[in-house]
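This report concerns only the one structure given below.
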Amino acid sequence: MPALPKCTTLGNGKDMIKTRHGSSSYLEVTYHVSSDFHIIKKAPLALSQLLATSYSMFPLISALAVLLGSQRALAASDPIPPTASSCPNNSHLSPLTHKRSCPRLVDDETAILTNSWYPWSIPPTCFDPTKQKGKRPRVKLSKLCTFTTLNTWAGTPLSIITTPETAADVASFIHSPYLSWLENDRGGVPFRPTHYPKNPFKVEKLPNKGYGVLATEPIKKGTVLMAQLPVMLQLLESAEQNDKWETRDVLRLLQRAGNQLPKEQQREVMGLAAQGKGYIVDDIMKTNTFDVTVGVLEGSTGQMGWGSHSGLYPEIAVGFLFLWMTNLTSCFTRFSPSTLIMEIVAYKDISPGEELSISYAPLNILSADRSELLKWWGFTCTCALCQNPTAIKKSDKQRNRIQALLEEFDTPSRLTEEKIAEIEQLVREEGMEGQMGDLYNIIGNVYAQRGEIERAKEYGKKGVVWLKQYAGADSERTEMAKGFVKRLEDFERGRRDWRP
């Protein structure tokens, strides 16, 4: 089986299910791994953007890092505690926001000046951004640094290549997230990293397929099959950012991030699949990572996309090699920004002996787009949704109908209970239940625009329930849905004017 390229499993959670600007909206695909589902406004299919950039191998030269490296042993007992102040850069979920203390912003300069890099285990190494000539930055330019802790809340190491602002946000929970509160908010399901030998499945060679994953016992819908914290996180640059770092500097930080991990994790990372393009660690990251939102969330400070990172989860990356690629999926991925855990979760009830599968493409796209995407990856999907002409025609018709109904909802007066029942039925028939929460949120907003607050609140609460299950109890989308319901409740109590 070829090495997996960086790809989407079930959609990009940073986009809402429907872009409500104008009357048109389409089913389409985004090419990043994520833990969520979505429907987004149509954009051109640009496969060329997916091609990995090749880099040359080069030696790491960082005098500052060498100078500070001798202080590694002192980091574990750093005497300087975090400062108590407001945390404008902190965006993760917390029940005690008003009492939270905030880690200081740490970079290479503060480490020298204060002889402290708390709560990180190793002094950070940083590079300044390249200033764009003739362009005025919309936001303050930031450094890019490598931060490493050798002991997260789960006892595992983590290296992060990101900005000092995002690192401070992660530092506020990386050693002690509010686990009991978070677990209670998602129905008592624990955040517990799993290890392959304990899971209810096995890897076997299958006739005419190569290796696959088979269930060894009944698996209920919603069961967490795998869960892991990342060993590496890397900030993704976007076209919206003003901060641009030299490629050689980014690769130097990437090399240092890997070298600062314990030997066991270094071997684990280097044993992952690669495509043979450029610098090996960069190649491994491009081949095996998931897109996750970490730290400052998109739009929260005007720094668009600063929350987007590539997360390397070695055990889950290996598991993906054996999960059979199909568009009739039995598993999906789910990310927790408050713990950094990535989970593979059962999408439906799975019987003993049944093969576990996952969709490498968003579940909501049409057959032509799906075929084009899989062609780039070199996969041929053999499920009925991709091979049976009758099933393909029926599926595309139903998905187009879902989109047509969503477009009708742009005109609030056209929303009816009959149309809601129709779209619910179509979503179930297409196996797109993972998007039901976003659909209910859209419906709730339409009712709110019509001034029907009770109906808006009813569907808003339904949306929260479904989003907790599929996007995650602490996901940005779930929090937005909770905020919508709270605004409705505040309006009913006369605490605020209603603004959709």
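Just so you know, residue 1 is the first one in the sequence shown, and it goes up from there.
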Exercise. Are any of the side-chain heavy atoms of Q435 and E430 separated by less than 4.5 Å?
Worked result: no

Problem set entry | Check: L105 main-chain N/O paired with E165 side-chain donor or acceptor under 3.5 Å | no

Problem set entry | Atom pair CZ (F201) and CG (L356), whose distance is rounded to the nearest 0.5 Å | 7.0 Å

Exercise. Given I284, which of I280, V281, T287 fulfils the side-chain contact (heavy atoms from CB on, under 4.5 Å) condition?
Worked result: I280

Problem set entry | Expected output: side-chain Q228 to main-chain E315 donor-acceptor under 3.5 Å | yes

Problem set entry | Under 3.5 Å: donor-acceptor pair, side chain of D474, backbone of S338 | yes

For this session: Side-chain contact test, heavy atoms from C-beta onward, threshold under 4.5 Å: evaluate it for L467 versus Y440 and give yes or no.
Result: no

Problem set entry | Distance (rounded to the nearest 0.5 Å) between D108 CG and C126 SG | 4.0 Å

For this session: Looking only at non-hydrogen atoms, find the nearest pair between T339 and S336 and report the distance.
Result: OG1-OG, 2.8 Å

Exercise. Between K348 and E354, is there a salt bridge with N-O shorter than 4.0 Å?
Worked result: yes

For this session: Answer whether the closest heavy-atom distance between the side chains of Q469 and M436 falls below 4.5 Å.
Result: no

Problem set entry | Heavy-atom closest contact (S159 atom, T148 atom, distance) | OG-OG1, 2.8 Å

Exercise. What's the shortest heavy-atom distance between L261 and M232, and which atoms?
Worked result: CD1-CG, 3.9 Å

For this session: Taking the side chain as every heavy atom from C-beta outward, state whether I161 and W245 have any pair of such atoms under 4.5 Å apart.
Result: no

For this session: Drop me the distance from I160's CD1 to Q234's CD, to the nearest 0.5 angstrom.
Result: 12.0 Å

For this session: Fit a plane to each ring of W120 and F147, take the angle between them on a 0 to 90° scale, and name the class: parallel (under 30°), tilted (30 to 60°) or perpendicular (over 60°).
Result: tilted

Problem set entry | Heavy-atom check, side chain of L158 versus side chain of I174, under 4.5 Å | yes

Problem set entry | Validation row: M432, L439 side chains within 4.5 angstrom (heavy atoms) | no

Problem set entry | Polar side-chain atom of T146 near backbone of L253 as donor-acceptor pair, under 3.5 Å | yes

Exercise. Would you say V318 and L272 make side-chain contact, with heavy atoms under 4.5 Å?
Worked result: yes

Exercise. Got T156 and Q265 here, is their nearest side-chain heavy-atom distance under 4.5 Å?
Worked result: no

Seminar exercise, completed: To the nearest 0.5 Å, atom CG of L235 lies from atom NE2 of H309 at 4.5 Å

Exercise. Between H175 and N151, is there a donor-acceptor pair closer than 3.5 Å when you use the side chain of the first and the backbone of the second?
Worked result: yes

For this session: Please check if the side chain of R256 supplies one atom and the backbone of C145 the other of a donor-acceptor pair under 3.5 Å.
Result: no

Exercise. Would R477 count as a cation-pi partner of Y470, with NZ or CZ less than 6.0 Å from the six-membered ring centre and within 45° of the ring normal?
Worked result: no

For this session: Taking T110 for its side chain and V106 for its backbone only, find out whether a donor-acceptor pair lies under 3.5 Å.
Result: no

For this session: Answer yes if the side chains of T149 and T152 hold a donor-acceptor pair under 3.5 Å, and no otherwise.
Result: no

For this session: Kindly say whether P124 contributes a backbone atom to a donor-acceptor pair with the side chain of D107 at under 3.5 angstrom?
Result: no

Exercise. Are any side-chain N or O atoms of K286 and backbone N or O atoms of Q275, one a donor and one an acceptor, separated by less than 3.5 Å?
Worked result: no

Exercise. Distance-only, no hydrogens or angles: does the D283 side chain make a donor-acceptor pair with backbone N or O of G278 under 3.5 Å?
Worked result: no

For this session: May I ask you to decide if the ring planes of F290 and Y313 are parallel, tilted or perpendicular, using 30° and 60° as cut-offs?
Result: perpendicular

Problem set entry | Nearest atoms (heavy-atom pairs only) where R186 meets A473 | CB-CB, 3.6 Å

